[in-house]
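Input: a single structure, listed below in structure tokens.
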Amino acid sequence: MDKLLQKSKKRRENYSKTGSQKQQHNIIVGTLIGIVIASTPLLYNLYESVPNTKVWSTFLFTYDSNYWEDAKYAM
């Protein structure tokens with residue numbers, strides 16, 4: 001009888017660990033989906049803000065599209 005109690009206790013412990021792991025996995029997946037959904041408009045606006053010139057200068061960097069006709073094609 002004692003062995004049955006130990007087995008059932010181990011099953012309950014394993015079940016609780018598995019449930020918390022599933023919950024953590026669901027939180028991570030939900031967070032990643034939310035980040036993708038939230039960043040979609042930002043990426044579209046970035047594309048719209050690229051000029052139709054060969055050199056794109058910002059306060060952070062200067063991009064020179066050597067192969068492409070203008071920077072908008074490269075983006």
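What you see below is based on every heavy atom in this structure, not just the backbone, and it leaves out hydrogens, waters and symmetry mates. If you're wondering where the values come from, they're calculated on a predicted model, not measured in any experiment.
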Asp70 versus Ser65, closest heavy-atom pair with distance: C-OG, 3.5 Å
Hey, mind stepping through Asn66 and Asp64 against side-chain contact (heavy atoms from CB on, under 4.5 Å) and telling me if it holds? CA-CA 6 Å; Asn66 294 325; Asp64 184 16; 3.0 Å; yes
Between Pro51 and Ala71 the two heavy atoms that sit nearest each other are O-CB, 4.2 Å
Walk me through whether Leu42 and Tyr44 qualify under side-chain contact (heavy atoms from CB on, under 4.5 Å). CA-CA 5 Å; Leu42 298 174; Tyr44 177 74; over 6 Å; no
Atom CG of Asn26 and atom OG1 of Thr31: how far apart are they, to the nearest 0.5 Å? 10.5 Å
Is there a path of hydrophobic side-chain contacts, each under 4.5 Å between heavy atoms, that joins Tyr67 and Val55? no
Should Val36 and Ile28 be regarded as members of a common hydrophobic cluster, given that ILVMFWY residues are connected when their side-chain heavy atoms come within less than 4.5 Å of each other, either directly or indirectly? no
